[in-house]
S.K.: 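Before I ask anything, here is the structure I am working with.
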Amino acid sequence: MKRRTFIRSTLLGVAGVPLLAAEGLAEPNRFEVTRTRLVNNKLSRTLRIVQVTDMHLTYSGNDESIPGLVNDLKPDLVLFTGDYVDHGTGTPPDMQRFRSFIHEFDSTTPMFAIFGNWDRGYEGRLFKRTLVRSVRNRRESVVIDGNTVSITGMDYYHPDMQLLQTAVNGANLSCVLYHSPDMVVFAEPTGYYDLMLAGHTHGGQVRLPFLRLLQDGHGSFPWPGAIITGTYTGTRYQSGLYRLQNMDLYVSRGLGETDGIPFRFLCRPELAVIEIGPEGA
């Protein structure tokens, strides 16, 4: 079953339960800022990374407040991980609205982006005339207070696996970006990356209490777990931080909802802040 079909069925199912329906319809507008601390002793100081993902343009009620909030967080790096448009969007007015949104971010902060499955056909237009640099099947680096950060981005439909499996040299921090967590099965074994960022799952968008206790034990009371994530890896990498053998993976729940369905349950939208630096810093 596709995620959108499941969510529509869930919405119909809770329509007769007013409190559940009201909560599910209100939750998309109650995003939260999550903070994750990681240790990397190759860095001389702590770097603050903000991940922006899965906005789905006109269907998110959070768009207008996000740039100001991100600017207030004073990040060293902003990374966009895809799905900026959605079904029925992508018209010239939508593009202009999106670029106006992007122009609200602090232009002095380095910003890099990849694209998601919903962005197909719009890759060349979304960040046109903005300061966001596309790393679609590209590797770039930026130096922040003497720390070299390498950023490798993968195209969603045609990832450059040769690039992914090319060693990263001379970086204090090496990041890989792919819209879905599925790429972790190829990126992690290389040992070339410290951190992978992904989105796509929306955390399931609709979660059931206590289910995650049975799945992986992650999270806290009431341990809500996803049923469908729209990934090949299923619920294995549904949301949050995963400490793997060779790298860390962070999967954001994202800011928007898919296919015009403004409904979430036990799965608030998320703006992820990751602070990574030397131990004790």
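These numbers were taken from a predicted model, which means no experiment stands behind them. Side chains included, hydrogens not; waters and symmetry mates left out as well; all remaining heavy atoms used.
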S.K.: Is the shortest heavy-atom distance from the side chain of Asp76 to the side chain of Arg45 under 4.5 Å?
M.R.: yes
S.K.: Using 30° and 60° as the class boundaries, would you call the ring planes of Phe221 and Phe210 parallel, tilted or perpendicular?
M.R.: perpendicular
S.K.: Apply side chain to side chain contact (heavy atoms under 4.5 Å, CB included) to the pair Ser150 and Tyr192, showing each step before the final yes or no.
M.R.: CA-CA 10 Å; Ser150 170; Tyr192 297 149; over 6 Å; no
S.K.: Among Val132, Leu126, Thr130, which residue meets the side-chain contact (heavy atoms from CB on, under 4.5 Å) test with Arg99?
M.R.: Thr130
S.K.: Report the C-alpha distance between Thr233 and Asp182 in whole Å, list the side-chain angles of each, state the deciding distance to 0.1 Å, and finish with yes or no for side chain to side chain donor-acceptor pair (under 3.5 Å).
M.R.: CA-CA 6 Å; Thr233 50; Asp182 288 329; 3.0 Å; yes
S.K.: Regarding Asn137 and His158, is there a side-chain donor-to-acceptor distance under 3.5 Å anywhere?
M.R.: no
S.K.: Calculate, to the nearest 0.5 Å, the distance between atoms CG and CD belonging to Leu195 and Gln51 respectively.
M.R.: 8.5 Å
S.K.: Would Glu270 and Arg264 pass as an ion pair if we require N to O under 4.0 Å?
M.R.: no
S.K.: Take atom OH in Tyr157; do more than 12 heavy atoms of anything else shown fall under 6.0 Å from it?
M.R.: yes
S.K.: Could you go through the ring-ring contact (aromatic ring centres under 6.0 Å, His included) check for Phe80 and Phe105 one step at a time?
M.R.: CA-CA 12 Å; Phe80 297 86; Phe105 287 86; 5.5 Å; yes
S.K.: For Ile114 and Met154, work out which heavy atoms get closest and say how close.
M.R.: CG2-N, 4.0 Å
S.K.: Would you sort out whether Leu38 and Leu241 count as a side chain to side chain contact (heavy atoms under 4.5 Å, CB included), showing the intermediate values?
M.R.: CA-CA 10 Å; Leu38 300 174; Leu241 177 67; 3.8 Å; yes
S.K.: Would you compute the distance between atom CD1 of Ile274 and atom CZ of Arg35 and round it to the nearest 0.5 angstrom?
M.R.: 12.0 Å
S.K.: Identify, with sequence neighbours excluded, every residue that meets salt bridge (charged side-chain N to carboxylate O under 4.0 Å, His left out) alongside Arg136.
M.R.: Glu123, Asp155
S.K.: Mind checking whether Phe115 and Tyr122 have ring centres under 6.0 Å apart?
M.R.: no
S.K.: How about Glu275 and Thr46: does a side-chain donor come under 3.5 Å of a side-chain acceptor?
M.R.: no
S.K.: Does Lys128, at its NZ atom, have more than 12 non-hydrogen atoms belonging to other residues, nucleotides or ligands within less than 6.0 Å?
M.R.: no
S.K.: Sort out for me which residue in Leu43, Leu173, Val142 forms a side-chain contact (heavy atoms from CB on, under 4.5 Å) with Asn147.
M.R.: Leu43
S.K.: Would a single hydrophobic cluster contain both Leu244 and Leu197, if residues Ile, Leu, Val, Met, Phe, Trp and Tyr are joined by side-chain heavy-atom contacts under 4.5 Å?
M.R.: no
S.K.: Say whether, by atom type as modelled, one donor and one acceptor occur between the side chain of Asp83 and the main chain of Asn117 under 3.5 angstrom.
M.R.: yes
S.K.: Between Tyr84 and Trp118, does a side chain to side chain contact (heavy atoms under 4.5 Å, CB included) hold up when you go through it step by step?
M.R.: CA-CA 7 Å; Tyr84 315 107; Trp118 283 97; over 6 Å; no
S.K.: Treating Ile, Leu, Val, Met, Phe, Trp and Tyr as nodes and any side-chain heavy-atom pair under 4.5 angstrom as an edge, say whether Tyr193 and Leu77 lie in one connected cluster.
M.R.: no
S.K.: About how many Å separate OG1 of Thr201 and CG of Asp54, when rounded to the nearest 0.5 Å?
M.R.: 7.5 Å
S.K.: Without swapping roles, check the side chain of Arg253 against the backbone of Ser239 for a donor-acceptor pair under 3.5 Å.
M.R.: no
S.K.: Kindly indicate whether the side chain of Val251, heavy atoms from C-beta on, has any atom under 4.5 Å from the side chain of Gln238.
M.R.: no
S.K.: Any side-chain donor paired with an acceptor under 3.5 Å for Thr34 and Arg268?
M.R.: no
S.K.: When rounded to the nearest 0.5 angstrom, what is the spacing between CZ in Arg138 and CZ in Phe112?
M.R.: 9.0 Å
S.K.: Using the rule that Ile, Leu, Val, Met, Phe, Trp and Tyr join whenever any side-chain heavy atoms are under 4.5 Å apart, tell me whether Met247 and Ile276 fall into a single cluster.
M.R.: no
S.K.: With a 3.5 Å distance limit and no angle check, can you tell me whether Asn71 reaches the backbone of Glu104 through a side-chain donor-acceptor pair?
M.R.: yes
S.K.: Verify the cluster assignment for Val176 and Tyr178: are they in a single hydrophobic cluster under the rule of side-chain heavy atoms below 4.5 Å apart?
M.R.: yes
S.K.: After noting the C-alpha distance and the side-chain angles of Thr235 and Ile227, does the key distance pass the side chain to side chain contact (heavy atoms under 4.5 Å, CB included) rule?
M.R.: CA-CA 7 Å; Thr235 60; Ile227 301 171; over 6 Å; no
S.K.: Just checking, any donor-acceptor pair under 3.5 angstrom between side chains of Thr231 and Arg236?
M.R.: no
S.K.: Distance from Met196 atom CE to Tyr250 atom OH, nearest 0.5 Å?
M.R.: 14.0 Å
S.K.: What distance do Cys267 atom SG and His202 atom NE2 have between them, rounded to the nearest 0.5 Å?
M.R.: 9.0 Å
S.K.: Hey, what's the ring geometry for His200 with Tyr156, parallel, tilted or perpendicular (30° and 60° as the breaks)?
M.R.: tilted
S.K.: Group every Ile, Leu, Val, Met, Phe, Trp and Tyr by side-chain heavy-atom contacts under 4.5 Å, then state whether Phe127 and Val135 land in the same group.
M.R.: no
